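Some notes on the structure that comes next.
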Amino acid sequence: MALILLIRWASFTMSLPISIVRRTIWLCLAVVLCSLPVLAEDAVPSMDQRVAALEAYVTNTNPGSSLTGVPGPGHNGWMMTSSALVLFMTLPGLALFYGGLVRRKNVLSVLAQCLGIAGLVTILWWAVGYSLVFGQSFKGVGIGRFFGGTEFLFLRGVTSAPNTAYAFWVSQNVFAMYQLMFAIITPALIVGAIAERMKFSAILSFVTLWMLIVYFPLAHMIWGATGLMNGAANAGAGITAIDFAGGTVVHMSSGWSALILCLIIGPRIGFGREKMAPHSMVLCMVGTGMLWVGWYGFNAGSAVAADGIAANAFMTTTLATAVASFTWGMIERIFRGHASILGFCSGAVAGLVVITPATGFVSSTGAVIIGLIAGSVPYFFVTTVKAKFGYDDALDTFGVHAVGGTMGAFLTGLFATGAVNSNLTSGAALKNGLAKLVTEGGLWHEQLKAIILTLFLAVVATFVLAHVVKMVVGLRPAPEIERQGLDLMEHGEEGYIE
Amino acid sequence: MALILLIRWASFTMSLPISIVRRTIWLCLAVVLCSLPVLAEDAVPSMDQRVAALEAYVTNTNPGSSLTGVPGPGHNGWMMTSSALVLFMTLPGLALFYGGLVRRKNVLSVLAQCLGIAGLVTILWWAVGYSLVFGQSFKGVGIGRFFGGTEFLFLRGVTSAPNTAYAFWVSQNVFAMYQLMFAIITPALIVGAIAERMKFSAILSFVTLWMLIVYFPLAHMIWGATGLMNGAANAGAGITAIDFAGGTVVHMSSGWSALILCLIIGPRIGFGREKMAPHSMVLCMVGTGMLWVGWYGFNAGSAVAADGIAANAFMTTTLATAVASFTWGMIERIFRGHASILGFCSGAVAGLVVITPATGFVSSTGAVIIGLIAGSVPYFFVTTVKAKFGYDDALDTFGVHAVGGTMGAFLTGLFATGAVNSNLTSGAALKNGLAKLVTEGGLWHEQLKAIILTLFLAVVATFVLAHVVKMVVGLRPAPEIERQGLDLMEHGEEGYIE
Amino acid sequence: MALILLIRWASFTMSLPISIVRRTIWLCLAVVLCSLPVLAEDAVPSMDQRVAALEAYVTNTNPGSSLTGVPGPGHNGWMMTSSALVLFMTLPGLALFYGGLVRRKNVLSVLAQCLGIAGLVTILWWAVGYSLVFGQSFKGVGIGRFFGGTEFLFLRGVTSAPNTAYAFWVSQNVFAMYQLMFAIITPALIVGAIAERMKFSAILSFVTLWMLIVYFPLAHMIWGATGLMNGAANAGAGITAIDFAGGTVVHMSSGWSALILCLIIGPRIGFGREKMAPHSMVLCMVGTGMLWVGWYGFNAGSAVAADGIAANAFMTTTLATAVASFTWGMIERIFRGHASILGFCSGAVAGLVVITPATGFVSSTGAVIIGLIAGSVPYFFVTTVKAKFGYDDALDTFGVHAVGGTMGAFLTGLFATGAVNSNLTSGAALKNGLAKLVTEGGLWHEQLKAIILTLFLAVVATFVLAHVVKMVVGLRPAPEIERQGLDLMEHGEEGYIE
Amino acid sequence: MNLIVAIIKPFKLEEVKEALAGIGVQGMTVTEVKGFGRQKGHTEVYRGSEYTVDFLPKVKVEIVVADEMVAKVTAAVVQSAKTGKIGDGKVFVLPLDEAVRIRTGEQGAIAL
Amino acid sequence: MNLIVAIIKPFKLEEVKEALAGIGVQGMTVTEVKGFGRQKGHTEVYRGSEYTVDFLPKVKVEIVVADEMVAKVTAAVVQSAKTGKIGDGKVFVLPLDEAVRIRTGEQGAIAL
Amino acid sequence: MNLIVAIIKPFKLEEVKEALAGIGVQGMTVTEVKGFGRQKGHTEVYRGSEYTVDFLPKVKVEIVVADEMVAKVTAAVVQSAKTGKIGDGKVFVLPLDEAVRIRTGEQGAIAL
Ligand SMILES: Nc1ncnc2c1ncn2[C@@H]1O[C@H](COP(=O)(O)OP(=O)(O)O)[C@@H](O)[C@H]1O
Ligand SMILES: Nc1ncnc2c1ncn2[C@@H]1O[C@H](COP(=O)(O)OP(=O)(O)O)[C@@H](O)[C@H]1O
Ligand SMILES: Nc1ncnc2c1ncn2[C@@H]1O[C@H](COP(=O)(O)OP(=O)(O)O)[C@@H](O)[C@H]1O
């Protein structure tokens, strides 16, 4: 366009008296000068484009033709912080939360499981995971709805330049590490249900298979640019569900798998007869605090930017968690006579779990309501339901994560609003119909579909994989080993020495 | 103006020969194109305004007419980080610091108090607190000096857009959560003085009343845009005092209230006769480390931006804390023969407390001097003074927070300098006279007024509220419960099980 | 130029009929309005310069003539976060990692050493350290290659404005605090080798001397703008070595000094006969998690910006650490029959150490290879070599930090690539020849020189200083004190009270 | 009266307690101890250092009973604490001169 | 000589120690134990699981004294450890054949 | 048979164990205890509060031996536990009526 202007201008000057021409040239010069970036738009961006790109940095939108391939410091900084926070959730957050809840003789086994999973999953993620989840080379092919692609195998080509399919201003390598931290904590959550009685080798084997069969496809379906259930970002999503930070991918998948695994493996020796009280509620509470703090990286970080959506997620996470923690404590106080530390901690974690899928989509009022539900329904599950059915979900992965994640996914369908997140009513959401569901209601229907698919995949795959592992390496250690404690027998160490 | 230009131009073209008109239209088009933002300045900002707004993002100033209502990623990211850090100070930081200092049988009670307060205060803050502190609807009315307003009840209207009365580039919902974390830790500090002997229900009741009567008005007076003592930002402040991160609001208020409460409740059974040594100096030290780290969010975060003022606060916090810690340790070594871990920890916390009101206002030299004072005066209080008067300030909330906070508020008056913080010598400070006091001296006089008002409010209100709670729910558990420990008797759990 | 335009325009309008003039004025006005910043270019920066400065903020380059002396929020925020993270590594990270590994009776002594060093080093850093390392006033003089200068003594002039020799967008006071955190953790690492048997006063004395003689010169040589071995930033570097986050400065220096010191001080009483197993692997693991998380500030923060280099460092740190942790665990499983928690923890720390010098210079593939090496070679040292030679490197500072740091420095020479860090192939690196070495190979040669110089300085200085301290204050406590434990005898406290 | 001291495997405590309660024993005192005996300990390796742990966790149960109960109690302990594997522990019987209940000052078998 | 074994409530230890020191006892050995007796334990609930804790924390004090001191010591313990509430504990007296002071090798009452 | 109870300094445990193993003792039971005696404790100061700690950590070793071994065992303990400094501890010898090995039911000296 700038070129055409120039040519037109030239032809026009031809037909004017010389003095006017000369003098007009000055005008022209002034004009040209100030529109110079426009003229050279093919080569370098115009001033407007440059400024627009800078504004895009502030507003976390597409930089357009300037500043492309460059991460933005505010967003990159926040995402590095978030990634560190999510790692902190597992090491040592979850390790302590779970570690405190087991018996003294098994505390190290929990820590070892968290550490071992962190190492194992990193290797899987580096080799194939990231590519299978966030690649797009399978796009168009049928499998592309379930797996991403092969272009990022071994993190090939994953540099500091943003992958704009996921974030305009965050380095892809940071994004890859951020998502790795999610991939680490998810299988680590499962450990809670089978604590104190599963062989270390069996856990590592199971987790390897589970990541490939359950986590990678699920994460792609929900978060991958070409994913089947990615309502918020995939214009061609088959199921227009939404999941901000992992209610289905992380909590439902781990929670339901945990239930199946704990049913297959059976209860701990002495379950129901011997005292199996937490050996250190102090550690458990420390872990809870760390989980809460780290979860800000998990939830607000899931905006993959330090923008207003992240800000909203920060607020809703805080409200839901605090309300759920207090609710659980008060329910205990009313029904049991005292509010326990484990109650406050369980409530906090439940609040965090339930708000997770909703956090970037709901308002403060929605968050408070979710907090109230999160502080009461899982309470019912870990006390009444578990007691009734008698399964040994040792640290309540099912009661908190499966129940909470499922509820959260569903409640997101009820409370999500375009007012706090414009992605729900623009872009891909307009094309795939999500926007309409959000505005006119009915999103819960799509959420239900996502819930059922997630549940189905987790349950069936875990059932099969657990039996495979059982056959190949065996699930449980010898009873004598379980008696003496996994710390000494499986890891050759003691947790505490006087 | 843009419209007028357009009309004038139109009428001018009418009076010209057609060929010139046609050709000039091209010129016009070029001009219009490149000055388009100018023409539409009423509607959209000019290029200059757009760039100025971007510069305002970098310098943390008013964006003007562009990028309004948008948070800035660098600032927003830092404030989310800071909020998480301040929460980390309480959960698990303070919980461990205090929890380590009590006897084994009461460790969980401290954790439960911190958790319970976190939940309770969040609900209060959501419902009324934020609005009463940072609202402005009472502006002009007399009460507006003590309470903010009602416009933000239930966080109505608190969105991701910045509230420019407090921050140009930070989402208001993040700001609200950041300030919530302060509201959580302040009453949690009080717990230190009455540790091991106050009913859980009494603590929750007292805190509820105390937040409404002491904290909310005090926080508004010091930090609210229309607050009575907000010298730095309220042009109409009655007392032109300054308090960067809460010397009066947080530490004096909690510390003096703690003293009164511990006097009313009386000493622990066996105080002065039985050994009441900290059950785990390890936990205490871990808590100290977390407090120190988290305090960067508290102090540097109080700039509500990732700007140069935050940077200065970061430096002064580090210097004062480290110097105070080392000073306390060395005083012990000289007078007692050995430097204790509790000494280093106490010194660090004292340093953090004393620098808090000054942190964004003083230079590195000021910080080192403040560190020296912080490492010695509270030492004198928690050893000599407490021993002399015999009150049972169990974990030295008075000796460290009241004494430290009061000193800090006063020292801020001596060391504050416009050189590190231009807010002291511009804007509101010019109008209300603060600038003059800072430049010419005499600020300490205003600080003294703020100190006296704070002290008065804290002491009188606590006296009344404690007696109210005593009458309604009772303050202390039965002696048998206190003997056996609050963990088992009030919360039904044990801290550690062998 | 803008002025000339204006004058020309004025003279041109003189010669036109009044109506044209009047109407053209409107055009002119439009043009002038939109080019206004251009007109004032001599006084204030042009629009282009202003936009360029804003772009420089995003890309972490020189702001040029606009926005000078101003920190950038995204970078500043990230560096404050990083500084807090690095402090977190020591307090309580390293304190717990080391504290968990000693016997119960000495746990507090380790904590006290970390706390005492934090205070002491801060004071040294404030007084002389920062200036000696990062000053430039000795530039040109021979000593300038070993020490910086005197301009920043007592942090004089260290304000919130960036020191562009080190960072364009980070406040110098934040930079100074960030580097302080490195100065704190380095001597604290040494403590691991002489744990459980060195007098507190001897440690503080030794550290004081060691900082002055070893750390400050070494840090200047590698990182100072005028440093002898600063290949990446000093165009006149004598040795064009590179060390991204401290393989030589931090890990080699502390590790080799630790070896010498532990040889001089001799083994613990009962070494090799009595059980000296870690008293709490739980604490050790918690410390490991904190070290890992905090190390992101250490490594990614060493970009002194939230840019793509930081992003790359974040990724390589994660990969190397996780791979090394898993490798160590698996080696144990193969050769010993079980993977221990201490194994996973040791592997993680070794991975962190070895990747440190390379983190901002190598690709993801390089990081994975480094992780494999880091998880195996130190394993060999802390098991076989230590057992063979029988020195009492109590907590394996030598085996992990000296061996790891040395390897890391060397491997950096092999794997560094300009593809992930353009500083290796531009600017100073072009002038001093580093660019050539990086592109054509041979960097390992320079790295070897840096290794030898570091090793030499650390070993010789420690040998001399340890003997000086031995003569003046004595190194070891009385055997009875060592027997009873340093906690009680040196610090008058017990770690845990039942 | 006699003092019966039983050293048993920790996880057998609950069973022993129930067995004793079953035959009418109303009180006992329990201590965590470490036992050295024929049962082999294990080896712990921390990095380079190997430690042989030959003290194993055991529980000591002390029961004071009237003379006529001694045989019955001993038998009950032996029976309930037995796994048949090495390290099951011992029962020792010591003579006792006197027993007093602090709360009431009662003496003799009535104090138990 | 006799070995006097007292099982008392933990918070009474300080008082008992002072009472014993008061009557000239120069040494004693203290162990943390768990007691099962008439005193009811409590119930702890962790999420769904309920545990009855019937072992309560007690302190065992062992004092070896010469024969002539036995009555006096027993009385002192009973008096100082008494609260009058259930669970105050017991005093047991056992015969002792010999006592040796390791430091000096002294034997008999002089070794105490 | 006799029950030999030795109260020793904790860091002497290893030596005592070896000395006993050396003379053929095949089993013993060890308890962590706190001792009050002539050996002075220390003072701990936490901020303003001073606590005198007069209970010092000791280790109690209990060995049941056949009558003929009593003297030998006592001597071995005294010798190996001795440092000559105050607080070295005591050895007490108590009569024992019976010993049973739970695993086999064996009684008497053969059960040890
Ligand atoms: N002579 C002894 N004196 C005191 N305690 C003993 C003696 N022999 C064994 N014990 C205790 O009994 C426990 C079990 O003994 P051990 O020889 O291992 O197996 P078993 O009881 O099957 O023969 C030991 O751990 C120790 O606590
Ligand atoms: N027969 C016994 N043998 C050994 N210890 C006993 C016996 N009876 C009671 N004890 C100890 O004495 C403690 C107090 O006994 P308990 O029956 O609860 O109350 P009281 O002493 O008031 O009768 C118990 O916790 C237990 O430690
Ligand atoms: N009369 C006693 N009864 C029981 N234990 C005792 C008695 N006297 C001393 N002890 C134990 O022996 C330990 C050492 O005694 P102490 O008087 O300090 O030194 P020494 O053994 O050198 O005389 C004490 O800490 C205590 O555990």
Side-chain angles (χ1 to χ4, degrees), chain B residues 97 100-103 192-193 195-196 267-268 270-281 284-285 328-329 331-333 335-347 349-350 378-400 403 498, chain F residues 3-17 20 26-64 81 83-90 92 99-103:
Chain B
F97 179 75
L101 290 177
V102 298
R103 286 167 290 174
E196 310 198 277
R268 286 165 289 181
F271 178 64
R273 286 196 327 277
E274 290 169 25
K275 182 170 179 181
M276 293 181 173
H279 90 285
S280 172
M281 275 311 302
C284 176
M285 186 273 175
W328 192 306
I331 289 179
E332 282 190 340
R333 196 168 170 88
F335 292 107
R336 289 262 169 76
H338 43 61
S340 73
I341 286 78
L342 183 51
F344 283 122
C345 291
S346 305
V349 174
Y379 170 83
F380 175 70
F381 270 83
V382 307
T383 55
T384 320
V385 175
K386 187 169 75 163
K388 179 146 197 146
F389 289 91
Y391 51 88
D392 183 12
D393 179 11
L395 316 180
D396 291 308
T397 304
F398 173 73
V400 173
V403 172
E498 296 303 303
Chain F
L3 167 63
I4 300 178
V5 178
I7 318 285
I8 61 171
K9 286 186 171 161
F11 76 88
K12 280 292 190 180
L13 175 60
E14 206 62 17
E15 274 176 67
V16 170
K17 185 196 79 182
L20 291 174
Q26 302 210 356
M28 68 191 83
T29 300
V30 170
T31 317
E32 289 181 10
V33 298
K34 305 242 165 210
F36 173 88
R38 281 169 187 78
Q39 186 188 5
K40 282 267 170 62
H42 57 272
T43 299
E44 291 178 23
V45 181
Y46 294 90
R47 286 180 178 151
S49 314
E50 213 162 311
Y51 303 110
T52 313
V53 178
D54 29 39
F55 287 106
L56 297 168
K58 300 281 169 190
V59 157
K60 176 162 83 173
V61 184
E62 289 168 300
I63 318 125
V64 173
T83 69
K85 299 222 188 83
I86 200 160
D88 271 356
K90 319 276 174 188
F92 302 127
V100 187
R101 165 173 285 129
I102 292 172
R103 170 166 47 102

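Every value quoted in this text rests on a predicted model; they were computed, and no experiment measured them. Letters A, B, ... are given to chains in the order of the sequence lines, protein chains preceding strands, and every chain is numbered from 1.
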> Are Met281(B) and Tyr46(F) side-chain neighbours, meaning at least one heavy-atom pair lies under 4.5 Å?
Replying inline: yes

>> Quick check for you: among Lys386(B), Glu332(B), Glu274(B), Met276(B), which has the greatest number of heavy-atom pairs under 4.5 Å with chain F?
In response: Met276(B)

> Side chain, backbone, both or neither: which part of Ser346(B) has a heavy atom under 4.5 Å from chain F?
Replying inline: both

>> Report which part of Leu101(B) has an atom under 4.5 Å of a heavy atom belonging to chain F: side chain, backbone, both, or neither.
In response: side chain

>> Taking the side chain as everything from C-beta on, heavy atoms only, tell me whether Asp393(B) gets closer than 4.5 Å to Arg47(F).
In response: no

